[in-house]
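A short worksheet on the structure shown next.
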Amino acid sequence: EAGVAQSPRYKIIEKRQSVAFWCNPISGHATLYWYQQILGQGPKLLIQFQNNGVVDDSQLPKDRFSAERLKGVDSTLKIQPAKLEDSAVYLCASSPAGYPGELFFGEGSRLTVL
Amino acid sequence: GENVEQHPSTLSVQEGDSAVIKCTYSDSASNYFPWYKQELGKRPQLIIDIRSNVGEKKDQRIAVTLNKTAKHFSLHITETQPEDSAVYFCAANGGSSNTGKLIFGQGTTLQVKP
């Protein structure tokens, strides 16, 4: 079974530039999560989708972050404009319908903002 | 709001010794408590989980205990081996809304010395 796919794995940008991350969850998983993991900290939930609807985006900085999950499959997380404090690993995770239960994480996209 | 506290932040043990990591959570409605292991540069992976209807669960050298009254749970690793060296995260589900989202602790860096 293929795991959660993410790209790009690494991205370096200047502050005020924009960046987009892509995630393809495990086939058949209805729920998709984007987490931000700052170095030395635990993952923090940014947004949760159930199929193509948003379930929780209470910690998403909506003035600069946006996310979508078209057709209820893959998802894109965008940051515009980026700030220095956005430097982190952005982890995508998915889980099958019916929770709570295990989250399956991708390898993450490491963002460095200079 | 929902919060998970994890201690200690770092833990160093000799190979063969036991290691214990403790977490407390704030949301009394939480009913799912997983533990993830994250090796350097890798994705977090589930190693064991426990649900609120169980007080203890064991899987070979790993065990988790849960005290719902005190709202804390612990990970126990016996007969530690160098390959156990990693960052360990506890988590609790956001039970009040039962969306399946996980709130993570800050992480514990475990070093097992040969």
Side-chain angles (χ1 to χ4, degrees), chain A residues 2-7 9-10 21 23-26 29-51 53-60 67 88-112, chain B residues 1-10 21 23-25 27 29-54 57 59 64 66 75 86-109:
Chain A
V4 176
Q6 290 189 246
S7 67
R9 288 294 314 277
Y10 305 93
F21 303 113
C23 172
N24 192 355
I26 292 173
H29 280 194
T31 310
L32 185 148
Y33 311 79
W34 282 103
Y35 279 85
Q36 180 192 57
Q37 187 175 24
I38 293 173
L39 186 64
Q41 298 182 19
K44 183 185 87 170
L45 180 70
L46 292 176
I47 189 166
Q48 176 185 354
F49 292 94
Q50 176 75 13
N51 296 311
V54 175
V55 175
D56 187 331
D57 63 356
S58 57
Q59 296 197 80
L60 186 73
V89 176
Y90 291 86
L91 292 163
C92 179
S94 69
S95 64
Y99 27 57
E102 180 179 0
L103 302 190
F104 296 81
F105 284 90
E107 293 286 359
S109 294
R110 181 179 297 276
L111 173 65
T112 301
Chain B
E2 302 151 330
N3 190 43
V4 175
E5 296 286 336
Q6 183 172 347
H7 300 280
S9 57
T10 60
I21 303 170
C23 289
T24 59
Y25 61 97
D27 189 344
S30 295
N31 57 6
Y32 176 66
F33 308 91
W35 287 87
Y36 282 79
K37 176 183 180 181
Q38 188 175 32
E39 297 177 351
L40 190 63
K42 301 290 187 181
R43 71 186 78 192
Q45 291 191 293
L46 181 73
I47 56 171
I48 195 167
D49 57 11
I50 191 168
R51 298 181 187 267
S52 59
N53 58 344
V54 176
K57 184 177 178 181
D59 182 3
V64 58
L66 171 65
L75 177 71
V87 180
Y88 292 81
F89 293 98
C90 62
N93 66 318
S96 58
S97 54
N98 196 27
T99 64
K101 72 177 183 183
L102 295 180
I103 312 300
F104 285 85
Q106 301 91 324
T108 297
T109 301

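Throughout, protein chains are lettered first and strands after them, A, B, ... in sequence-line order, and every chain is numbered starting at 1.
- Among residues two or more places apart in sequence or in another chain, the side-chain hydrogen bond (donor to acceptor under 3.5 Å, both in side chains) test is passed with A:Y90 by A:Q36.
- Heavy-atom pairs under 4.5 Å with chain A were tallied for B:G41, B:P44, B:G105; the largest tally goes to B:P44.
- Within the 4.5 Å cutoff, no side-chain heavy atoms of A:Q6 are placed close to those of A:F21.
- The stretch residues 32-40 of chain B places B:Y32, B:Y36, B:Q38 near chain A, each with some heavy atom under 4.5 Å from a heavy atom of that chain.
- Interface residue A:V4: only backbone heavy atoms are found under 4.5 Å from chain B.
- In this structure, chain B has a heavy atom under 4.5 Å from the side chain of A:L91, while its backbone stays farther away.
- Interatomic distance, SG of A:C23 versus CH2 of A:W34, reported as 5.0 Å (0.5 Å rounding).
- Outside the 6.0 Å centre-distance limit, the rings of A:F105 and A:Y33 are not counted as a close aromatic pair.
- There is no side-chain donor-acceptor pair under 3.5 Å between B:E5 and B:T24.
- Here the side chain of B:Q6 pairs a donor or acceptor atom with the backbone of B:C90 at under 3.5 angstrom.
- Contact of A:Q41 with chain B is made through the backbone alone, with heavy-atom distances under 4.5 Å.
- To the nearest 0.5 Å, atom OG of residue A:S58 and atom CD of residue B:E2 are 8.0 Å apart.
- Atom CD1 of B:I48 is separated from atom CG of B:L75 by 7.0 Å, given to the nearest 0.5 angstrom.
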